[in-house]
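Each remark here refers to the structure printed beneath this line.
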There are 2 protein chains.
Amino acid sequence: MQTLTIGKVAKQAGVGIDTVRFYEREGLLPEARRAESGYRLYSLDDVDRLRFIRRAKTLGFSLEEIAELLRLNAAEGSRSDVKHLAQRRLADLDRKLGELTAIRDALATLVRRCSGQGSLKGCPIIEGVLAQDTPSYREH
Amino acid sequence: MQTLTIGKVAKQAGVGIDTVRFYEREGLLPEARRAESGYRLYSLDDVDRLRFIRRAKTLGFSLEEIAELLRLNAAEGSRSDVKHLAQRRLADLDRKLGELTAIRDALATLVRRCSGQGSLKGCPIIEGVLAQDTPSYREH
DNA sequence: TTTGACTCTGCACTATGGTGCAGGGTGGAG
DNA sequence: CTCCACCCTGCACCATAGTGCAGAGTCAAA
């Protein structure tokens, strides 16, 4: 089995050296084996693990959730655990997409209304931001 | 003109007291007038300004961008400046929406494929994360 | 006058996901 | 043997948008 130093494992996985140490500190990677010199030693499995982390991150999982996924994997967790986690993530994404879309549409409307000419007095974008409904802060 | 202390202006605008001081430090609010006691004094214009910030934030503008918007406003900027800023924001939103949608679809596909039953060996979600294309990190 | 609510400054801390650096030790090529 | 690249630890710091707190001073009602 190939043994890699931290620089190699980081390069193979496409992350920074400090990131590898950071993941170890955060419990996303097990504590590395050490050479007599104190150098951390890695295997190709660790490259896979790092890549898993990288890819899960691009799917929007937080490091916390990735740690959970990795624990499930190590503990021979069940498919239903993983599916639940993924479904929660999916629901988060859908909620966030809904919010962002609403914001986008509101902003697009303002931009469409603004001629882009003249001074700021009466500019639909500025006025639009000013004119939004404000829930219940005028009371007291 | 009504004079408000920081607690009142914060409550009227629907933000925290510390947030008001924070915005002053960050240049989003001008330095407040002071009473002899040293208390900050505000007007209803400041309430409007704070609300403007709050609302712009819900549209996804960063504090930095809001500061720019407020500077434009103060400097009698032109409508085209504001429109450009808003269009940039809109383009950001569209890009982000595209990315999130792609991620959502990828995750939804994995979730659909996973029966939610059995051990993790061969779980489509875990495998799916493992199997994503990795751009050009194997080289070197 | 006393009490309680409010405000002041300055500083530390939160979460997230790392990055950078100082001051050392190690490994291998020339 | 020297040189450089690499690695170690521990710590501070980045952005973002605030929040919290200590210790002191102020304001207003009872």
Side-chain angles (χ1 to χ4, degrees), chain A residues 2-29 31-43 46 49-70 89 92 96 99-100 103 140, chain B residues 2-29 31-43 46 49-70 89 92 96 103 140:
Chain A
Q2 243 181 297
T3 291
L4 309 168
T5 54
I6 195 169
K8 312 268 195 251
V9 83
K11 188 157 217 170
Q12 290 276 314
V15 302
I17 286 176
D18 290 325
T19 302
V20 175
R21 284 195 279 249
F22 174 72
Y23 287 166
E24 180 178 314
R25 268 204 311 288
E26 297 294 304
L28 287 144
L29 288 178
E31 298 211 354
R33 235 169 14 103
R34 299 292 184 129
E36 274 151 61
S37 62
Y39 283 21
R40 287 174 181 80
L41 298 176
Y42 297 93
S43 69
D46 294 309
R49 200 175 171 101
L50 279 168
R51 287 199 178 147
F52 181 90
I53 296 169
R54 226 166 57 78
R55 290 160 193 169
K57 247 157 46 66
T58 72
L59 285 181
F61 288 90
S62 70
L63 294 190
E64 185 55 43
E65 290 170 318
I66 295 170
E68 199 175 335
L69 238 26
L70 289 168
R89 220 6 246 150
D92 287 350
K96 180 145 219 165
E99 284 169 14
L100 274 185
I103 289 166
H140 302 293
Chain B
Q2 242 181 302
T3 289
L4 309 167
T5 54
I6 196 168
K8 311 267 195 252
V9 84
K11 189 157 216 170
Q12 291 277 315
V15 302
I17 286 176
D18 290 324
T19 302
V20 176
R21 285 195 279 250
F22 173 71
Y23 287 166
E24 179 179 314
R25 268 203 312 287
E26 298 293 304
L28 287 145
L29 289 177
E31 299 212 353
R33 234 169 16 101
R34 299 290 184 130
E36 274 151 60
S37 62
Y39 282 20
R40 288 174 180 79
L41 299 174
Y42 296 93
S43 69
D46 294 307
R49 199 176 172 99
L50 279 168
R51 288 199 176 145
F52 181 90
I53 295 169
R54 226 166 57 78
R55 292 160 192 166
K57 247 156 48 65
T58 73
L59 285 181
F61 287 89
S62 69
L63 294 190
E64 184 54 44
E65 289 171 320
I66 296 170
E68 198 176 335
L69 238 25
L70 289 167
R89 225 357 253 149
D92 286 350
K96 181 148 218 162
I103 288 166
H140 302 294

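Here the structure is a predicted model, which is why all the values come from computation and not from measurement. All chains are named by letter (A, B, ...) in the order of the sequence lines, taking the proteins before the strands, and each is independently numbered beginning at 1.
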Euclidean distance, atom CD1 of residue I6(A) to atom C1' of dT26(C) [Å, nearest integer] = 15 Å
dC14(D) P sits how many Å from D18(A) CG, rounded?
-> 16 Å
Describe the nucleic acid contact of R21(A) in one word from base, sugar-phosphate, nothing, applying a heavy-atom distance below 4.0 Å.
-> base
Are OP1 or OP2 of dG18(D) and a side-chain N or O of T19(B) less than 4.0 angstrom apart?
-> no
Whole angstrom value for the distance that separates C1' of dT19(C) from CZ of F22(A) | 10 Å
Validation row: K8(B), Y42(B) side chains within 4.5 angstrom (heavy atoms) = no
Give the rounded distance in Å between these two atoms: CG of L28(A) and P of dG18(C).
-> 9 Å
Closest approach of T58(A) to I103(B) (non-hydrogen atoms, all atoms of both residues) = O-CD1, 3.2 Å
What is the distance from OH of Y42(B) to P of dC6(C), rounded to the nearest Å?
-> 16 Å
Pairwise 5' ranking along DNA chain C for A35(A) and Y23(A), keeping only the more 5' one = Y23(A)
Could you tell me whether the phosphate oxygens of dT9(C), OP1 or OP2, come under 4.0 Å of any side-chain nitrogen or oxygen in R40(B)?
-> yes
Are any of K57(A)'s side-chain N or O atoms less than 4.0 Å away from OP1 or OP2 of dG18(C)?
-> yes
In whole Å, what is the span from the CD atom of E64(B) to the P atom of dA17(D)?
-> 9 Å
Please examine the side chains of R33(B) and R40(B), heavy atoms only from C-beta on, and report whether any two atoms are closer than 4.5 Å.
-> no
Can you tell if the side chain of Y23(B) reaches within under 4.5 Å of the side chain of L63(B), non-hydrogen atoms only?
-> yes
side-chain contact (heavy atoms from CB on, under 4.5 Å) assessment of T19(A) paired with L50(A) | CA-CA 10 Å; T19(A) 302; L50(A) 279 168; over 6 Å; no
Value in whole Å for how far the C1' atom of dC6(D) lies from CD1 of I17(A) | 8 Å
Atom CG of L63(B) and atom P of dT19(D): how far apart are they, to the nearest Å?
-> 11 Å
Nearest heavy-atom neighbours spanning S43(B) and L4(B) = O-CD1, 4.2 Å
Dump every N/O contact between nucleotides 24-26 of chain D and the protein below 3.5 Å, one line per pair.
unit_1: dG25(D); atom_1: N2; unit_2: Y39(B); atom_2: OH; d: 2.8
unit_1: dT26(D); atom_1: O4'; unit_2: Y39(B); atom_2: OH; d: 3.4
unit_1: dT26(D); atom_1: O2; unit_2: Y39(B); atom_2: OH; d: 3.4

Would you indicate, yes or no, if dG18(C) has its OP1 or OP2 atom less than 4.0 angstrom from a side-chain nitrogen or oxygen of R54(A)?
-> no
Would R21(B) and D18(B) pass as an ion pair if we require N to O under 4.0 Å?
-> yes
Reckon T5(A) has a side-chain N or O less than 4.0 Å from the OP1 or OP2 of dC7(D)?
-> yes
